[in-house]
Amino acid sequence: MNEYDSQSVEAKWQKRWEEERLFAPREETTGRKMYVLDMFPYPSGDGLHVGHVKIYTAADVVSRYLRMKGMNVLHPTGWDAFGLPTENTAIKKKVHPADLTKQNIERFKKQMQAVGYSYDWDREINTSDPDYYRWTQWIFIKLFNMGLAYEATIPINWCPSCKTGLANEEVEDGNCERCGTVVVKKPIRQWMLKITKYADRLLQGLDGLDWPKAVPEMQRNWIGRSEGAEVDFKVEGTREAIKVFTTRLDTIYGTTYLVLAPEHELVLKLVNGQMDGVVLGNKDEVQAYVMQVKDRSDRDRVADSEIKSGVEMKGLMVSNPVNRQLIPVWVADYVLGSYGTGAVMAVPAHDERDFMFAKQHQLPILQVIQPKIAKGNAQLPYTGEGVLINADEQSGLKSEVARETLVKVLQLKGEGRKKVNYFLRDWVFSRQRYWGEPIPIIHCEECGAVPVPEEDLPVRLPDIKEYEPTGTGESPLASAADWIEVKCPNCPRIGKRETNTMPQWAGSSWYWLRYLDPTNREELASREIMDKWLPVDLYVGGAEHAVLHLLYARFWNMALFDQGVVAHEEPFTRFRAVGLLLGEDGQKMSKSRGNVINPDTVISRVGADALRVYVMFMGPFSNAMPWSETSLIGVSRFLRRVWKRVGSLIDKLSEQDSADMSYVLHDTIKRVSEGIEQFKFNTAVAALMEMLNKLEEGEGVSRSTLEAFVLMLAPLAPHMAEELWEQLGHPESLIYRAWPKLNQSILAAAVKRIAVQVNGKVRGEIDMVPGMAQSKAEELARLEKNVAKYLGASIVKKVVYVEGRMLNFVVENGENPKDETKEVPAYRQAGETNPKSEISKF
RNA sequence: GCCCGGGUGGCGGAAUUGGCAUACGCGCAACACUUAAAAUGUUGUGCCCAAAAGGCUUGCGGGUUCGAGUCCCGCCCCGGGCACCA
């Protein structure tokens, strides 16, 4: 047989798969539908990354496996084509982002096809295509009509380098997620999406998902639900009250002062002298403090949390609703304007931040919770639960109980109520950049913000000359004068188009729906088709999107569900996250480090199959893993051996398998199937390697066994498998050939070598025929020289026999000193199992 | 600080979920082929001991069990996420 030529074999099969359109779903199959989705790539100028290859190969292996299992598989891909990097490169190279995107897509597509992915390319979508973003805009209008999209002028995160506003989710550690520049606060007019309205449902939906544990956990933390109470502290001398939020209402008797965030509206009012009944004694001081704090970025504000600055608002006093005590009010930037009510009741004895602040500003500290197990005096601040002291009639109550009691008391007086707060903020949805979906809104002096009528969609991105970001908070679209001016849909006036564009995340927040019906011009997708295919059965991608794409997509899907567009609330039933593929030096791959592995080079050197099998074999799918050149060579060696061995066996096949070979086959079927189903691809590959080792040793290989081996290789190394399949005399592709059938009884009937232990230590082995009685096994075991030696003349207290596993003689003598000294527990004497053990439950 | 995930040979890792720890691969060593090297093949390869016999070994310490990498309690270390969220 010839040396394997990966280049020509791979080209041959890729061409054939494409010509025969083999990867479209097969409606005639009787198996269930399976929607296998991977996160579509952003077609950057860098080309396909081997990290993509790891994700896409996993999804491809599963898709190919499921087809062979007789299921109707939908496996599409497309392009997440709007976004900043392309726009930035386009500006630098002085080309249009659309042209650049087109080039990048062409390159990506070629690269992806070279790996041999089984996508149904007839469903390819592109988020920057007007026929696609028309529906992104359509959804936006739905959200607008549902009251979920609104305009607001608030201080938002602004990246001075990208010259655009960002969502909270796009800020990492105070830096822009894209470029790493320190984010500043900038008040500009924004479109916001009311994701907070879905906070509870986004939280609840997580419970039913088959996702890696960490991802729902991250979303839970991000949503940050906390239950507590809102309490009104009346401002002395006025009818007004300051609302605070607390999760520890039980500590309210220990409130020795109140703190307002510098952004709190009352601060501004008092500085301007606009409040009747209160005159600030230190107006200038307060104003100076607020001004000073305003310029600090969030990161600076948090940077030195040990030092808590603040100023007392002299002349402002509030009364504690539980005991009418008058307490002072401070303004300090350790309280955030954007969470809760922007004001807190400070309980220095039971909150670390309040404690620090009180110490630094000499404010009184009053303990009101006594730890339950009182070891003298509690170390303050004490933040645990306990019993109330110094709390009038509530003294003696447990803190958990006091929270409930006090909220009822305050509720009766109308001065407090239960309240749930979230860390989640509304989604800042507009970007002051060119390369994104235009927001389909027309501003009319008379009618306000009016959605573009459905029949006028899409609102096309105008072709303009100057699309560099302005940096002023205006989008570059603002310069497209004749595009902007448009008749108001509601009245005869001339209105102005919205010039902000949507963020990168918009197009990917619903793309899995469009694959189902990519050319539909009437609807985003036909309801009938959606009902057939949704939800997505398997989603594969990066965990870095845990609180970005995966949260946004769930939100949009829920909103579409509420509109009756889709039938499921959750879009992705099962999600699997890839582990990062690092450079050989263990560092993240980057051009500047020079450790980037290019898939094209790997394919030309060892072939696509070797690349595929390698990324599957390198370790558990979810582990971060450095690239290893030697392991890649190892895998390519394995494939060469497969080629040679299968080729030479074709002429030497036996009528029947040897018993040994038949066991190996079914053991391999089991392990490869389970490996693929459970995303343990490394063990699936290992099983195939072991089977090859057996094929190399053995005579007694039947045609069907050899064919089964080739079929099991097919999802992982499809090109070589097809070529071998053809050489085995099958002219048609193996894509829809049935997966080898597992015969459990062959595994069960096999003779096994089992361990014989004496007091838990292995002293010998015996051959165990299935169904062998314990007495027979014991008899065989005693014949083993080494076993006999250890048994000696000692008394056998007990024999533990697990069929097919092991045989253990428990003997009573000096061999295991533990036995002599140990007391036999009561439950054992009674012949019962350990009540603490798991086993006793069954 | 809080919340997840994880510690198994020189390295990546496997272990039917409580039943022969170290499968598979890499690396290394010896041998074969070769003038030589590469490639390929064969054999060996957890640690201690010259070897056999034997003993030890899944981050550390305890416990449950006939039997623990796996279960329970307490610590240590590494990775990730969030972080003045009241």
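Quick note on labels: first sequence line is chain A, next is B, and so on, each numbered from 1.
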In whole angstrom, what separates [X]'s [atom1] from [N]'s [atom2]?
X: A/Y790; N: B/rC66; atom1: OH; atom2: P; answer: 22 Å
X: A/K752; N: B/rU16; atom1: NZ; atom2: C1'; answer: 10 Å
X: A/Q219; N: B/rG81; atom1: CD; atom2: P; answer: 15 Å
X: A/R805; N: B/rU17; atom1: CZ; atom2: C1'; answer: 10 Å
X: A/Y257; N: B/rA86; atom1: OH; atom2: P; answer: 16 Å
X: A/N623; N: B/rC78; atom1: CG; atom2: P; answer: 19 Å
X: A/F423; N: B/rG81; atom1: CZ; atom2: P; answer: 15 Å
X: A/L713; N: B/rC24; atom1: CG; atom2: C1'; answer: 15 Å

Under a 90° cut-off about 0 for the syn range, is B/rU17 syn or anti?
->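 Syn conformation here, the glycosidic angle of B/rU17 being no more than 90° from 0.
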
So, is B/rG69 syn or anti if syn means the angle is within 90° of 0?
-> anti

Report which part of the nucleic acid [X] touches: base, sugar-phosphate, or nothing (heavy-atom distance under 4.0 Å, all strands).
X: A/R641; result: sugar-phosphate
X: A/G634; result: sugar-phosphate
X: A/P212; result: nothing
X: A/E352; result: nothing
X: A/V685; result: nothing
X: A/E674; result: nothing
X: A/N693; result: sugar-phosphate
X: A/R220; result: nothing
X: A/M218; result: sugar-phosphate
X: A/M625; result: sugar-phosphate

Relative to each other, are the rings of A/H549 and A/H545 parallel, tilted or perpendicular (30° and 60° limits)?
->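 Judged by the thresholds at 30° and 60°, the geometry between A/H549 and A/H545 is perpendicular.
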
Determine the interplanar angle of the A/F245 and A/Y339 rings, folded into 0 to 90°, and report it as parallel if under 30°, tilted if 30 to 60°, perpendicular if over 60°.
-> perpendicular

Under 3.5 Å, is there a donor-acceptor pair between the [X] and [Y] side chains?
X: A/N320; Y: A/Y253; result: no
X: A/S226; Y: A/N421; result: no
X: A/S309; Y: A/Y289; result: yes

What integer number of Å spans the [atom1] atoms of [N] and [M]?
N: B/rA39; M: B/rC24; atom1: P; result: 22 Å
N: B/rC28; M: B/rA38; atom1: P; result: 11 Å
N: B/rG69; M: B/rA15; atom1: C1'; result: 9 Å
N: B/rU22; M: B/rG10; atom1: P; result: 16 Å
N: B/rG59; M: B/rC78; atom1: C1'; result: 10 Å
N: B/rC2; M: B/rA50; atom1: P; result: 50 Å
N: B/rC11; M: B/rU45; atom1: C1'; result: 14 Å
N: B/rC66; M: B/rC20; atom1: C1'; result: 16 Å

Can you tell which of [options] lies closest to the side chain of [X]?
X: A/N221; options: B/rC20, B/rC26, B/rC3; answer: B/rC3
X: A/K798; options: B/rC84, B/rC66, B/rC20; answer: B/rC66
X: A/K670; options: B/rU16, B/rG27, B/rG12; answer: B/rU16
X: A/P620; options: B/rA23, B/rG19, B/rA14; answer: B/rA14
X: A/R637; options: B/rA86, B/rC3, B/rU40; answer: B/rU40
X: A/V800; options: B/rA86, B/rC66, B/rG12; answer: B/rC66
X: A/V802; options: B/rG19, B/rG54, B/rA15; answer: B/rG19

According to a strict under-4.0 Å criterion, is A/R671 in side-chain N/O contact with OP1 or OP2 of B/rA23?
-> no

When the ring centroid of A/F679 is compared with that of A/F681, is the distance short of 6.0 Å?
->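 Yes - the distance between ring centres of A/F679 and A/F681 falls below the 6.0 Å cut-off.
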
Ring center gap for A/F638 and A/F617 short of 6.0 angstrom |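 No.
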
Between A/V215 and A/T247, name the one whose nearest nucleotide on RNA chain B is closer to the 5' end.
->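 Checking each residue's closest nucleotide, the 5'-ward one belongs to A/V215.
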
Let me know, please, whether A/E696 or A/G619 comes out on the 5' side of the other along RNA chain B by nearest nucleotide.
-> A/G619

Step-by-step side-chain hydrogen bond (donor to acceptor under 3.5 Å, both in side chains) determination, A/R645 to A/N693 | CA-CA 10 Å; A/R645 187 57 190 164; A/N693 292 343; over 6 Å; no

Pair pattern of RNA chain B in dot-bracket, where unpaired bases get dots and | marks partners in another strand, Watson-Crick or G-U under 3.5 angstrom = (((((((..(((......[....)))((((((.......))))))(((.....)))..(((((..]....))))))))))))....

Go through the structure and list residues passing side-chain contact (heavy atoms from CB on, under 4.5 Å) with A/T630, not counting sequence neighbours.
-> A/S628

Identify the residue among A/Y552, A/F423, A/W427 that makes a ring pair (Phe, Tyr, Trp, His ring centres under 6.0 Å) with A/W222.
-> A/F423

Side chain A/K308 and base B/rC84 donor-acceptor under 3.5 Å |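 Answer yes: a donor N or O sits under 3.5 Å from an acceptor.
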
What about A/N808, does its side chain sit under 3.5 Å from the base of B/rC66 through a donor-acceptor pair?
->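 When only heavy-atom distances are counted, A/N808 does reach the base of B/rC66 through a donor-acceptor pair under 3.5 Å.
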
Would you indicate whether A/K418, at its atom NZ, is surrounded by more than 12 heavy atoms from other residues, nucleotides or ligands within a distance under 6.0 Å?
-> no

In this structure, are over 12 heavy atoms from other groups packed under 6.0 Å from A/E352 atom CD?
->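 No, not enclosed.
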
Expected output: side-chain A/Q219 to main-chain A/L203 donor-acceptor under 3.5 Å |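 Such a contact is absent between A/Q219 side chain and A/L203 backbone.
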
Nucleotide N/O to protein N/O under 3.5 Å, stretch nucleotides 5-11 of chain B:
unit_1	atom_1	unit_2	atom_2	d
B/rG5	OP1	A/K213	NZ	2.3

